[in-house]
Amino acid sequence: MPELPEVETTRRGVEPHCLNQVVRRVIVREARLRWPVPDQLVALLSGQVIEAVQRRAKYLLFRTAAGSLMVHLGMSGSLRLVDATKPPGRHDHIDILFDGGVCLRYHDPRRFGCFLWLAPGDDHPLLRNLGPEPLSSDFDGQLLYRRSRGRKLAVKSFIMDGKVVVGVGNIYANEALFLAGIRPDRAAGRISSARYQHLAENVKLVLTNAIAQGGTTLRDFVGGDGKPGYFAQQLLVYGRGGQPCKTCGSVLQERRLGQRSSVYCVTCQH
DNA sequence: CGCTGACCCTGACGGC
DNA sequence: TGCCGTCAGGGTCAGC
């Protein structure tokens with residue numbers, strides 16, 4: 001679920017229900033996430049007003065006067081708005097209850113996500129060394145070109161490195177490389193400026209389109225159990241290893257790069 | 001410093 | 001039916 005478009009969709013979905021709301025109560029049923037949920041988080045967040053809901057990389061930031069709640073969804077996490085009377089299910093680890101009976105519920109079977117607290121003005125180590133947002137003007141082909149010189153790792157691993165650019169997950173790394181015609185296993189340092197220009201444009205394109213798609217699931221955040229898969233049918237390579245390339249018909253190859261499955265077309269990508 | 005692989009955890013799925 | 005290995009959209013960290 002949570003690639004950047006899902007996180008941004010989550011942000012947009014929950015923001016109107018959280019903004020200017022008073023946190024009445026916080027319930028932590030399971031504190032063993034990627035890092036333990038801090039003991040003080042409940043006390044610090046309770047009674048606070050949510051002044052903004054922001055996103056940096058794949059982190060969601062709930063701003064209050066006392067500090068910020070920083071949430072990451074990991075691999076399997078989700079935040080949903082539910083009625084406060086709805087009983088929690090398996091893996092529903094945290095509830096944030098607002099005045100008015102709305103509950104923001106965190107669900108995460110694998111517990112790779114996190115709930116952390118940032119004091120006001122705190123420069124959290126997890127946010128400190130992040131690269132630019134992929135949809136900002138700070139991210140372009142020039143940046144990729146400059147930062148890749150001399151580097152030998154696969155270009156796919158390179159663009160998935162959050163210190164280079166944030167928010168490019170496995171699905172969209174595969175898709176953007178296909179659209180740009182670049183083989184994912186090429187050494188990052190041996191790709192031209194012009195090709196990086198093309199790649200950066202396609203990263204932006206693919207993420208922008210996916211966020212637009214995510215918008216169609218916004219309603220699922222209120223009450224439903226929005227299960228994605230809505231964009232699956234328009235994926236060109238991800239999850240399609242062994243199937244024909246939609247452009248040229250060649251059988252798509254699949255191999256692992258940096259422990260992640262990578263799919264590409266030997267004819268269309270070089 | 002750059003890179004690779006182990007690891008965190010549960011669940012789904014395919015083969016036997 | 002069950003058991004076992006493999007894989008999954010995240011990221012950090014140790015070690016070479």
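Just so it is clear: chains get the letters A, B, ... in the order the sequence lines come, proteins before strands, and each one is counted from 1.
- Whole-Å rounding puts the A:K156 NZ to B:dC3 P distance at 16 Å.
- Distances from the side chain of A:M75 to the nucleotides C:dA8, C:dG11, B:dG11 place C:dA8 closest.
- The partner of C:dG9, taking Watson-Crick or G-U wobble pairs whose two distances both stay under 3.5 Å, does not exist in any strand shown.
- Going from the P atom of C:dG9 to that of B:dC3 covers 22 Å, rounded to whole Å.
- The distance from atom CD1 of A:I171 to atom P of C:dG10 is 7 Å, rounded to the nearest whole Å.
- Annotation for A:D39: atom CG does not count as buried by contact number, only 12 or fewer foreign heavy atoms lying within 6.0 Å.
- Side-chain contact between A:E133 and A:R56: present, with at least one pair of heavy atoms (C-beta onward) separated by less than 4.5 Å.
- Residue A:L126 is in sugar-phosphate contact alone, with no base atom involved, counting any heavy-atom pair closer than 4.0 Å across all strands shown.
- Of the candidates B:dT10, C:dG11, B:dA6, the closest approach to any side-chain atom of A:Y59 belongs to C:dG11.
- Put simply, A:H91 has a side-chain N or O that comes within less than 4.0 Å of OP1 or OP2 on B:dG11.
- Taking the 5.5 Å centre cut-off and the 30° plane limit, the aromatic side chain of A:F112 is not classed as stacked on B:dC9.
- Ring pair A:Y106/A:H93 is tilted by interplanar angle, where 30° to 60° counts as tilted.
- The residue A:S157 sits apart from the nucleic acid: no heavy atom pair falls under 4.0 Å.
- In this structure, the OH atom of A:Y106 is 13 Å from the P atom of B:dT10, given to the nearest Å.
- Of the P atoms belonging to B:dC7 and C:dG5, the separation is 16 Å, rounded to the nearest Å.
- For the pair A:K58 and C:dG11, the criterion of a side-chain N or O lying under 4.0 Å from OP1 or OP2 is met.
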Notebook entry, point to check: So A:D92 and A:R29, salt bridge (Lys or Arg N to Asp or Glu O under 4.0 Å) or not? Walk me through it.
Noted result: CA-CA 8 Å; A:D92 286 343; A:R29 295 183 200 84; 5.9 Å; no
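- Atoms NE2 (A:H72) and P (B:dC8) sit 19 Å apart, rounded to a whole Å.
- Within 6.0 Å of the CZ atom in A:R190, the count of heavy atoms belonging to other residues, nucleotides or ligands does not exceed 12.
- In this structure, CG of A:N174 is placed 9 Å from P of C:dG9, rounded to the nearest angstrom.
- Between the NZ atom of A:K152 and the P atom of B:dT4 there is a distance of 10 Å, given to the nearest Å.
- For B:dC9, the base has a donor-acceptor partner in the side chain of A:R110 [N/O atoms by modelled type, under 3.5 angstrom].
- Between C:dA8, B:dC9, B:dG11, one nucleotide has an atom nearer to the side chain of A:R111 than all others, and that is B:dC9.
- In terms of modelled atom types and a separation under 3.5 Å, the side chain of A:N170 and the main chain of A:S261 share a donor-acceptor contact.
- Here the nucleotide nearest the side chain of A:L153, chosen from B:dG11, B:dT4, C:dG9, is B:dT4.
- Remark: A:R11 engages A:E8 in a salt bridge, criterion side-chain N to carboxylate O under 4.0 Å.
- The distance from atom CG of A:D108 to atom C1' of B:dT10 is 10 Å, rounded to the nearest whole Å.
- Base contact: A:R34 has a heavy atom under 4.0 Å from a base atom.
- For A:L257 and C:dG9, the CG to P distance is 13 Å, given to the nearest whole Å.
- Atom P of C:dG11 sits at a distance of 22 Å from the matching atom of B:dG11, rounded to the whole Å.
- The side chain of A:Y172 places no N or O atom within less than 4.0 Å of a non-bridging phosphate oxygen (OP1 or OP2) of C:dG9.
- One finds no side-chain N or O of A:R32 lying less than 4.0 angstrom from the OP1 or OP2 phosphate oxygen of B:dC8.
- Contact between the side-chain N/O atoms of A:S76 and the OP1/OP2 oxygens of C:dG9 is not found at any separation under 4.0 Å.
- Of the candidate nucleotides C:dG10, B:dG11, C:dG9, B:dG11 has the atom nearest to the side chain of A:R90.
- Judged by distance alone with a 3.5 Å cut-off, no donor-acceptor contact links the side chain of A:R260 to the base of C:dA8.
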